[in-house]
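Please read these numbers as outputs of a predicted model, since none were measured by experiment.
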There are 2 protein chains.
Amino acid sequence: MTKSGVGARGGSTTGARTRERIVEAAIETLKTEGFAGASARAIARTGGFNQALVFYHFGSVNELLLAALDATSQTRMARYRDAVDGVENLGDLFRVATEIYAEDLDAGHIKVLAELMAASTTFPQLRTEIVARVEPWVRFTEEALTRHMEGSPFAQLLAPKDVAYAIVALYLGMEMLANLDDNRDRADAIFATGARFAALFESFGA
Amino acid sequence: MTKSGVGARGGSTTGARTRERIVEAAIETLKTEGFAGASARAIARTGGFNQALVFYHFGSVNELLLAALDATSQTRMARYRDAVDGVENLGDLFRVATEIYAEDLDAGHIKVLAELMAASTTFPQLRTEIVARVEPWVRFTEEALTRHMEGSPFAQLLAPKDVAYAIVALYLGMEMLANLDDNRDRADAIFATGARFAALFESFGA
DNA sequence: GTCTATACTTGGATAGAC
DNA sequence: GTCTATCCAAGTATAGAC
């Protein structure tokens, strides 16, 4: 509703840059302080700007947080798309997924999503919005799987849609667990296990 | 710190029953309103008692919420232990896990944990406490797996500890996703896929 | 478009009556 | 051990100056 005046010229006005700064600060605060700590005041403190700007540019804190989720999702999706592009087989897919996931974990990208998902219990208005932002990830995973599972003898056993859903769930769960004990090793071990499995699959498929 | 006077006789005084009522209300509120909605006042409203009792009996809201997590964890652990007791093979294990997980999802048992895990980002004091309460679940899963994977040709490929960690992560993630879109079907599909896999494993092992 | 000031609300927590 | 009353801190959101 409340929007800054970005003209039809498409140039980035000062207002648009401020919006970006606010979104960045929101992401950072969400990562380090969690949802309950991501108040307008805390976000403003993080970004070094005025608290009232949040409401001027985004109307409410929750709307800002959704914009923050949009921003991370977009950059992360681009990264994943790019990385998955050069993949030739299921083993490669696993290796690539392992690497990027390590990035995610270190940088806390998934945390933004996880925090907002948990918060959507308290703020039902968030739910629909978040569903719409999770769905592309399930679809992306499903498509990547479909491409590389075709012809595999496991294709009949495993519906890509289900596997994709499970993988997204696993990512979320690992993020939560890893953040809890500050231990990436176990997530790494899971990927290693998955990789061994993928290798096994391919030996059957050959 | 602040504790009600439960005497050495072990009988349940009125104070002890009130504690229980508060814990139950906390669980209920956490499930329906989420962490951000689980204020002392909201919990008191749910349980029909006075808000000040939370502080008298538990010192702070967060300490109450941890007590709530303890309570659900205990009853759920008992349920899982009981159900897994009669299991003879990996296929059974899957069937049983599927059934109880459906209960969890419907009743929102895991939600209590998921909400508190997300909140632990904001309240670091919660973290250590929650780690201690997650660990038994990983261990329980690991032990159940170890019992039924022995002798399987996959035992060398899959370290029970890693698989257990992955399963706990998967449970958490599925809970979050299922609550998001109010759709249990996909979680069911994942279990069904897992069951087909377990059957495949056993056909190899026989 | 950004800042200051402020109104309003909710929640944590305690004191003191019962 | 429970309730009423209250204090205080923090947060959302808006009005109005700049």
Side-chain angles (χ1 to χ4, degrees), chain A residues 1-9 11-26 29-30 33-68 115 119 122-126, chain B residues 1-7 9 11-26 29-30 33-68 115-116 119 122-126:
Chain A
M1 311 288 153
T2 319
K3 263 179 85 184
S4 81
V6 179
R9 276 182 203 91
S12 68
T13 62
T14 42
R17 289 205 50 197
T18 304
R19 271 182 80 96
E20 284 172 29
R21 282 182 59 208
I22 298 176
V23 168
E24 278 164 33
T29 310
L30 217 35
E33 310 292 334
F35 178 84
S39 66
R41 285 174 146 93
I43 293 168
R45 223 176 298 133
T46 303
F49 50 78
N50 195 283
Q51 167 258 349
L53 286 177
V54 166
F55 302 96
Y56 175 77
H57 284 287
F58 297 91
S60 73
V61 175
N62 283 349
E63 281 174 276
L64 164 58
L65 296 180
L66 283 176
E115 289 289 334
T122 311
F123 301 95
Q125 329 107 39
L126 288 177
Chain B
M1 308 292 152
T2 317
K3 264 178 81 182
S4 79
V6 180
R9 278 183 203 89
S12 68
T13 62
T14 42
R17 288 204 51 196
T18 305
R19 270 183 80 96
E20 284 172 29
R21 280 182 60 207
I22 298 176
V23 167
E24 277 165 35
T29 311
L30 218 33
E33 309 292 335
F35 178 83
S39 66
R41 287 172 147 93
I43 293 168
R45 221 176 298 133
T46 304
F49 50 78
N50 195 281
Q51 167 256 352
L53 286 177
V54 167
F55 302 97
Y56 175 77
H57 285 286
F58 297 92
S60 73
V61 176
N62 283 350
E63 282 173 274
L64 165 58
L65 297 181
L66 284 176
E115 288 289 333
L116 288 180
T122 310
F123 302 92
Q125 329 107 40
L126 289 177

| said: Does D:dT2 have its OP1 or OP2 closer than 4.0 Å to a side-chain nitrogen or oxygen of B:Thr18? | reply: yes

| Under-4.0 Å side-chain N/O to phosphate OP1/OP2 contact, B:Ser60 with C:dG12 | no

How many whole angstroms separate atom [atom1] of [X] from atom [atom2] of [N]?
X       : N      : atom1 : atom2 : result
A:His57 : D:dA13 : NE2   : C1'   : 15 Å
A:Phe49 : C:dT4  : CZ    : P     : 14 Å
B:Arg41 : D:dC3  : CZ    : P     : 15 Å
B:Arg17 : D:dT2  : CZ    : P     : 11 Å
B:Asn62 : C:dG11 : CG    : P     : 14 Å
B:Asn50 : C:dG16 : CG    : C1'   : 13 Å
B:Tyr56 : C:dG16 : OH    : P     : 16 Å
B:Phe55 : D:dT2  : CZ    : P     : 15 Å

| task | Can you see which heavy atom on B:Ser60 is nearest to which on B:Phe55, and at what distance? | result | CA-CD2, 4.1 Å

| note | Minimal heavy-atom distance between A:Leu53 and A:Thr18, with the atoms involved, is CD1-CG2, 4.1 Å

| Side-chain touch A:Asn62/A:Phe35, heavy atoms, less than 4.5 angstrom | yes

Counting side-chain heavy atoms from CB outward, which of [options] is closest to [X]?
X       : options               : result
A:Thr14 : D:dG11, C:dG1, C:dG11 : C:dG1
B:Gln51 : D:dT2, C:dA13, D:dG11 : C:dA13
B:Leu53 : C:dC3, D:dG11, D:dT2  : D:dT2

| query | Does A:Phe58 have A:Arg19 sitting over its ring (NZ/CZ under 6.0 Å from centre, angle to axis within 45°)? | reply | yes

| query | Between A:Ser39 and A:Ala52, which is nearer to the 5' end of DNA chain D once each is assigned its nearest nucleotide? | reply | A:Ser39

| field | Any donor-acceptor pair under 3.5 Å from A:Gln51 side chain to A:Ala44 backbone | value | no

| Checking all strands, does B:Ala40 fall into the base, sugar-phosphate, or nothing category for heavy-atom contacts under 4.0 angstrom? | sugar-phosphate

| query | How is A:Val54 classified with respect to the nucleic acid when contacts are heavy atoms under 4.0 Å: base, sugar-phosphate, or nothing? | reply | nothing

